[in-house]
Number of protein chains: 2
Amino acid sequence: MKRHVTVKTLAEQLNISIATVSKALSDSHEISAETKQRVNDLARMLNYERNPAASNLRSHRTRTIAVIIPEVANNFFSLAIKGIEEIARQHNFHVLIYQTHENSEAEIAFTNSLVSGRVDGILISVTRSTGNLAHFQSLIRQIPVVFFDRSIEIPDAFSITTDDYESAFEATRHLAENGCSRIAFLQGLDQLATGQRRLKGYRDALDQANLVQPQPLVLSGTDDPRQLLQAVAGFIKDKQPDGILSSIEEFVVPCYYACRELNIDMPGQLKLVSFSNLQTAALLKPALSTITQPAFEMGRLAAACLFRILNNKEVDPCELPLLRSELIERESSGISGI
Amino acid sequence: MKRHVTVKTLAEQLNISIATVSKALSDSHEISAETKQRVNDLARMLNYERNPAASNLRSHRTRTIAVIIPEVANNFFSLAIKGIEEIARQHNFHVLIYQTHENSEAEIAFTNSLVSGRVDGILISVTRSTGNLAHFQSLIRQIPVVFFDRSIEIPDAFSITTDDYESAFEATRHLAENGCSRIAFLQGLDQLATGQRRLKGYRDALDQANLVQPQPLVLSGTDDPRQLLQAVAGFIKDKQPDGILSSIEEFVVPCYYACRELNIDMPGQLKLVSFSNLQTAALLKPALSTITQPAFEMGRLAAACLFRILNNKEVDPCELPLLRSELIERESSGISGI
DNA sequence: TTTATTTACGAAAACGTTTAAGTACGAAAC
DNA sequence: GTTTCGTACTTAAACGTTTTCGTAAATAAA
């Protein structure tokens with residue numbers, strides 16, 4: 001095991017001080033071009049890599065960001081991570097991943113463990129049960145934070161979201177126009193502003209189409225994914241909707257299975273539109289109508305926003321763009337048959 | 001902005017030395033129960049979080065692992081990450097994510113940037129074009145590395161893989177038994193041992209069924225995902241297979257579209273089985289027959305293996321379990337119609 | 001010529017931990 | 001009664017950078 005090469009090694013071999021080496025490596029203007037050249041050459045030759053711990057400790061910068069999300073194994077979030085990682089790469093930053101599994105206590109534990117200088121900034125899509133605003137109030141005062149998709153309502157918080165209200169409104173109207181009169185809403189994000197916006201879009205569209213039911217047709221999400229099928233099947237059997245707008249992708253598979261189980265023809269007896277980033281939406285039977293969020297673009301934008309903040313550029317929380325989702329009408333919400 | 005709380009703060013308030021504080025926080029046997037109690041109480045009260053950089057620098061341990069994969073936005077890898085993250089959580093470790101996008105130079109750059117003490121260990125699923133064995137030879141001597149799924153052939157390297165040969169063999173036989181005589185293989189991992197094993201399973205099964213063609217029916221993957229549809233459609237049109245075994249999930253959507261485009265009835269004229277972790281496989285039209293790898297379990301296992309190594313437990317590279325994939329026969333490889 | 005200013009570098013002090021080595025004290029061993 | 005030992009601490013030196021401040025020489029301004 002040969003000795004690890006440090007700035008000291010380089011300094012000794014070149015007969016200069018470690019300060020000069022350090023400055024040369026970070027391309028300081030204090031150092032002559034010639035010296036920089038010599039240092040870089042030797043560094044390359046000896047495969048020198050600066051020790052990140054020492055560097056972080058001294059400089060209070062980590063070149064690392066954290067991404068906190070409910071689940072990695074989800075089409076939306078994995079696409080978002082892809083976008084985030086791409087931007088981080090451009091800035092030569094490292095990316096830490098944390099999954100909350102919709103557990104808001106884990107979320108708090110993660111953020112707490114991050115404020116002590118492990119990362120320079122945080123990108124977060126909160127748990128569906130996140131309610132502790134005070135925690136985030138204090139968090140965003142300690143470290144740069146950008147929320148994406150699932151944000152919470154804090155003034156001055158940076159968040160990148162999509163046009164939840166408009167797309168839910170449009171999808172609901174689309175169902176109404178295609179003949180649905182009992183349109184249900186599968187809510188997965190009850191407590192969140194994101195979920196509330198989608199719900200409001202749905203409600204307003206119902207209102208406008210004069211389809212408001214005496215009893216609301218809204219199903220709240222369950223925590224246990226294994227119970228989802230039963231919950232959805234029970235809901236459909238019970239409420240007999242002829243149209244469904246699902247606010248999260250997780251409901252899609254249960255909906256399809258429930259229809260098979262209950263012998264319901266989709267889209268004949270029941271039409272479905274879902275927020276979803278399924279690559280196979282068009283290949284399903286029937287092809288799924290989706291509200292497709294620009295997940296990749298959201299990841300990129302959220303990360304870009306964070307880096308602007310980290311680079312001390314002016315960012316106005318109120319002027320962040322609202323990304324547009326796309327309603328893609330396919331068989332599941334169209335006329336029967338193919 | 002109030003002063004950050006460090007061991008020094010705690011030491012001063014308790015009138016003990018910082019060494020005692022540090023040892024108390026790490027539950028050293030040198031410290032009395034009473035002192036530990038006092039330290040921990042104060043730490044909690046002041047929201048003390050140990051500075052990771054200082055800790056890493058001094059202790060040469062980071063409590064961080066890196067995961068290097070081709071893509072996050074892929075059902076197999078996102079499930080694997082989920083498993084990895086779960087195990088890392090149990091050990092209170094942090095997880096860094098790096099995407100290579102199948103670029104082996106990026107892979108080398110990542111690993112090089114990691115050996116200088118940024119992480120304690122690496123989990124990697126290599127690029128499909130990874131060929132530089134020497135690089136990995138030297139890497140595994142510098143830092144604990146565990147390969148998963150896409151491994152490379154280095155003696156003494158730890159790798160967690162599935163029964164690629166057997167499952168490819170079985171799937172091919174399944175196609176043959178269901179009447180296919182011109183069975184093609186869509187190769188996505190040409191250079192890798194993983195891909196070679198799958199190819200061999202396919203070939204041996206063809207051989208056994210006496211279905212070897214004079215001209216091999218093998219399509220190599222392309223680098224550009226946008227060209228995949230054209231490549232697949234061209235291949236099918238050209239070679240006229242009546243059965244396809246696809247070695248990666250990326251070929252699935254192109255296959256379905258190609259069939260539509262070429263007006264080929266699946267499974268009537270062409271049957272398909274693919275390595276895949278699609279959640280919607282059963283809902284496609286026709287439902288997709290898959291070889292489903294235990295991605296989540298692989299992630300867990302690979303991570304567990306890495307932690308055994310990090311904890312200096314004996315691990316014999318040759319005795320690592322071979323995980324079993326599951327062949328799930330559905331409509332796409334079955335009899336026509338539903 | 002004298003006095004600023006600029007350029008290129010060095011000395012040394014951080015950054016916040018961990019840990020090796022040392023110490024004081026009481027209890028047990030002889 | 002001395003010696004040994006274990007317990008519960010302290011001291012001080014790392015770990016490998018970055019950064020502040022200082023300085024000598026060279027150049028420009030006066």
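Basis for what follows: all heavy atoms, side chains included, without hydrogens, waters or symmetry-related copies. In this text, all values refer to a predicted model and were calculated from it rather than measured experimentally. Letters go in sequence order (proteins before strands), and every chain restarts at 1.
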### Candidates A:Ile108, A:Thr100, A:Leu189, A:Asn132 - the one meeting side-chain contact (heavy atoms from CB on, under 4.5 Å) with A:Thr127
A:Thr100

### Message
It should be established whether B:Ser17 places a side-chain nitrogen or oxygen under 4.0 Å from OP1 or OP2 of nucleotide D:dT10.
### Response
yes

### Query
Can a side chain N or O of A:Ser55 be found less than 4.0 Å away from OP1 or OP2 on D:dG16?
no

#### Entry: Given C:dT19, C:dA21, D:dG16, the nucleotide with the shortest approach to the side chain of B:Glu30
C:dA21

#### Entry: Nearest-angstrom distance from the residue atom CD of A:Glu49 to P of D:dC15
20 Å

### SB check A:Asp120 A:Arg61 (cutoff 4.0 Å)
no

### Message
If you count every heavy atom of other residues, nucleotides or ligands that lies below 6.0 Å from A:Asp316 atom CG, does the total exceed 12?
### Response
yes

### Query
At under 4.0 Å, does any side-chain N or O of B:Thr20 touch on OP1 or OP2 of D:dC9?
no

### Query
So does A:Arg58 get a side-chain nitrogen or oxygen closer than 4.0 Å to the phosphate oxygens (OP1/OP2) of C:dG16?
no

### Query
What's the CD1-P distance between B:Ile18 and C:dT19, to the nearest Å?
13 Å

#### Entry: Under-4.0 Å side-chain N/O to phosphate OP1/OP2 contact, A:Thr35 with C:dA8
no

### Query
Could you give the NZ-to-C1' distance, from B:Lys36 to D:dC9, as a whole number of Å?
13 Å

### Query
Is the shortest side-chain N/O distance from B:Arg61 to OP1 or OP2 of C:dT19 below 4.0 Å?
yes

### Task
Using whole Å, report how far CZ of B:Arg50 lies from C1' of C:dT19.
14 Å

### Query
Atom CZ in A:Arg89, atom CD in B:Gln99: separation rounded to 0.5 Å?
9.0 Å

### Task
Name the residue closer to the 5' end of DNA chain D, choosing between B:Val21 and B:His60 according to the nucleotide with the nearest heavy atom.
B:Val21

### Query
If you take all heavy atoms of B:Ser129 and B:Glu102, which pair is closest and at what distance?
OG-O, 3.3 Å

### Task
Give the rounded distance in Å between these two atoms: CG of A:Leu14 and P of C:dA8.
17 Å

### Query
Is the closest side-chain donor-acceptor distance between B:Thr62 and B:Asn56 under 3.5 Å?
no

### Message
Check this one for me: any side-chain N or O of A:Tyr48 less than 4.0 Å away from OP1 or OP2 of D:dT17?
### Response
yes

### Query
When the distance from NE2 of B:His29 to C1' of C:dA20 is rounded to whole Å, what number comes out?
13 Å

### Query
To the nearest Å, how far apart are B:Lys23 NZ and C:dG22 P?
13 Å

### Query
When the nearest nucleotide of DNA chain D is assigned to A:Asn51 and to B:Ile31 on a heavy-atom basis, which residue is associated with the more 5' position?
B:Ile31

#### Entry: Candidates C:dT18, C:dG16, D:dT10 - which lies nearest the side chain of A:Leu57
C:dG16

#### Entry: Touch class at under 4.0 angstrom, heavy-atom based, for B:Lys8 against every strand present
nothing

### Query
What is the distance, rounded to the nearest whole Å, between atom CD1 of A:Ile16 and atom C1' of C:dA12?
17 Å

### Query
Would you say a side-chain N or O of A:Ser59 is under 4.0 Å from OP1 or OP2 of D:dT17?
no

